[in-house]
Amino acid sequence: MPAVTRFCKQSRLLLLTIGLALPYTAHADFAECVAGLQEKAKQEGISEKIVDEALGQVKLSERVIELDGKQPEFIDTFTNYLNRRVTDERVNKGREMLAKHAPLLDQIAKESGVPAQYLVAFWGLETNYGGYTGKMPILDSLATLACDPRRSGYFTGELMAALKIIEKGDVTVDKMLGSWAGAMGNFQFMPSVYLQYATDRDGDGKRDLWGSLPDAAASAGLFLNGLGWQNGFRWGREVKLPENFAYGEAGLKRSKTLSEWRELGVLDADGREMPNLDLQAALIIPSGHLGPKFLVYDNFKVIMRWNRSESYAIAVGHLADRIAGAGRLRQTPPELPRLPLTAVADLQQKLTDKGFDAGKSDGIMGPATRDAIRAFQEKQGMIADGYPNPEVLQALDIKIQSES
């Protein structure tokens with residue numbers, strides 16, 4: 001091996017072990033990456049026995065790499081996302097679970113401050129009430145992602161946490177199964193969350209988030225409480241906007257009090273006036289001016305700390321409301337085609353080229369992209385709702401092609 005090549009490989013391995021960089025997903029480089037991960041684990045005090053037995057058998061997962069680019073929270077339309085997750089079947093099952101486990105859930109709610117219907121909603125969205133907790137080997141998933149340079153630092157930390165869970169005796173390697181991204185159990189905890197918040201509620205000496213609902217639900221309550229859940233407050237509410245509303249007021253960073261929204265003519269979804277309260281709320285418009293609109297409170301942001309997706313947070317809140325007895329949304333989300341990542345990236349680049357800063361052209365429809373769309377719409381004399389509707393796509397000459 002040439003000296004320069006050997007030096008580069010040794011340098012990458014050194015960077016890996018101190019947490020500054022991670023190598024590649026190619027099979028040859030994966031073996032080298034795993035060797036670096038083993039060294040890092042030993043440096044963190046994990047026993048050689050666990051390191052050798054657990055990491056010595058990990059395999060590169062091409063499936064994980066494939067799924068990493070297809071996360072529905074970020075590529076699906078809000079309409080498709082919500083309709084597939086908040087179904088009548090899931091609502092009815094959630095009500096059944098709420099009644100069946102009422103004593104346990106009510107006690108956890110009392111201790112954590114998180115109402116039972118929210119615990120059930122998270123449970124329903126994450127694993128369909130424990131019906132599917134994932135079958136992918138967690139260590140394979142995390143090692144694969146740790147050896148991908150895009151988010152190597154984060155997943156290296158999660159892999160170290162997973163090894164510590166095994167070392168504590170909560171679960172064995174062969175039983176540590178979950179999602180492609182490393183989430184585990186009834187509520188799909190990442191290993192670092194497991195280490196910090198998992199609790200042995202049923203008193204059997206293990207923190208079992210797969211087979212023990214008391215352990216899993218109590219852990220979820222502790223986690224949400226730790227994220228800052230505000231007892232006594234909802235996630236948000238559906239609202240109606242007046243004609244000629246200034247959509248530039250929308251966005252999580254533009255909160256106002258309910259009294260201020262009331263003065264702007266914002267009504268409850270049923271047409272009633274907003275309460276005259278000094279309670280901060282932000283306006284979210286996930287599918288444009290033709291779809292539903294929501295005023296969301298601080299607990300909405302707590303839900304987004306669990307999963308950084310507005311669509312996910314709305315789905316949790318709406319499902320919780322439905323489980324508690326509420327009806328469907330008053331405004332039906334419009335049926336619009338899903339934008340492939342390539343189309344969103346093209347949209348972002350063209351907006352930026354025209355002087356509307358859409359942020360990085362990564363195919364992810366985030367706040368910067370929505371602000372850029374809104375500014376573009378205003379200049380074009382369109383309704384500036386920040387949504388990439390067909391009128392916007394046509395004006396920017398965005399071509400939509402299906403992705404395989």
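All figures in this text were calculated on a predicted structure; none of them were measured in a lab.
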I'd like to check [X] versus [Y] (side-chain heavy atoms, cut-off strictly below 4.5 Å). Are they in contact?
X      : Y      : value
Thr133 : Leu209 : no
Gln230 : Val302 : no
Leu283 : Trp261 : yes
Ile373 : Phe376 : no
Glu310 : Leu252 : yes
Ser219 : Arg207 : no
Leu329 : Leu82  : yes
Val344 : Ile364 : no

[X] and [Y] ion-paired at < 4.0 Å:
X      : Y      : value
Arg374 : Asp371 : yes
Asp88  : Arg328 : yes
Lys164 : Glu167 : no
Lys49  : Glu53  : yes
Glu89  : Lys93  : no
Asp208 : Lys206 : no

Between [X] and [Y] (side chain of the first, backbone of the second, donor and acceptor by atom type, cut-off under 3.5 Å), is there such a pair?
X      : Y      : result
Arg90  : Arg85  : yes
Lys350 : Asp397 : yes
Asp200 : Gly203 : yes
Glu260 : Thr257 : yes
Thr369 : Ala358 : yes
Glu126 : Asn186 : no
Asn225 : Trp229 : no
Lys293 : Gly291 : yes
Arg254 : Gly248 : yes
Trp210 : Leu177 : yes

Roughly how far, to the nearest 0.5 Å, is the [atom2] atom of [Y] from the [atom1] atom of [X]?
X      : Y      : atom1 : atom2 : answer
Gln331 : Lys240 : CD    : NZ    : 9.0 Å
Leu295 : Leu267 : CG    : CG    : 10.5 Å
Thr87  : Arg322 : OG1   : CZ    : 8.5 Å
Leu396 : Glu391 : CG    : CD    : 10.5 Å
Asp29  : Cys33  : CG    : SG    : 9.0 Å
Leu163 : Lys40  : CG    : NZ    : 11.5 Å

Start with the C-alpha gap between Tyr247 and Leu241, add the side-chain angles, then the distance that decides, and say whether side chain to side chain contact (heavy atoms under 4.5 Å, CB included) holds. CA-CA 10 Å; Tyr247 284 89; Leu241 303 181; 3.8 Å; yes
Does the side chain of Asp298 pick up a donor-acceptor pair with the side chain of Gln280 at under 3.5 Å? no
Distance-only donor-acceptor check, side chains Asp353 and Gln349, under 3.5 Å: yes
Return the minimal non-hydrogen interatomic distance between [X] and [Y], and the atom names on each side.
X      : Y      : answer
Ala181 : Phe155 : O-CE2, 3.5 Å
Pro242 : Gly265 : CD-O, 3.5 Å
Pro388 : Met365 : CG-CE, 3.6 Å

Out of Phe122, Phe187, Phe189, which residue meets the ring-ring contact (aromatic ring centres under 6.0 Å, His included) rule with Phe223? Phe189
Check the pair Gln43, Glu39 against side-chain hydrogen bond (donor to acceptor under 3.5 Å, both in side chains), reporting the backbone distance first and the verdict last. CA-CA 6 Å; Gln43 291 176 10; Glu39 288 301 314; 5.1 Å; no
Counting heavy atoms not belonging to Asn244, are there more than 12 under 6.0 Å from its CG? no
Neighbour count above 12 (heavy atom, 6.0 Å) for Gln380 CD: yes
Candidate pair Leu119 and Leu224, rule side chain to side chain contact (heavy atoms under 4.5 Å, CB included), full reasoning: CA-CA 9 Å; Leu119 296 172; Leu224 287 165; 4.2 Å; yes
Quick one: do Tyr297 and Phe233 satisfy ring-ring contact (aromatic ring centres under 6.0 Å, His included)? Show the steps, please. CA-CA 8 Å; Tyr297 311 130; Phe233 292 93; 7.6 Å; no
May I have the step-by-step check of side chain to side chain contact (heavy atoms under 4.5 Å, CB included) for Asp346 and Thr342, ending in yes or no? CA-CA 6 Å; Asp346 188 23; Thr342 52; over 6 Å; no
Check the pair Asp270 / Arg272 against salt bridge (Lys or Arg N to Asp or Glu O under 4.0 Å), numbers first and verdict last. CA-CA 6 Å; Asp270 293 325; Arg272 296 169 297 190; 3.2 Å; yes
Begin with the C-alpha distance, continue with both residues' side-chain angles, and end with the deciding distance and a verdict on side chain to side chain contact (heavy atoms under 4.5 Å, CB included) for Gln377 and Asn389. CA-CA 10 Å; Gln377 289 171 321; Asn389 56 47; 3.8 Å; yes
Validation row, ring centre Trp235 to ring centre Tyr118 under 6.0 Å: no
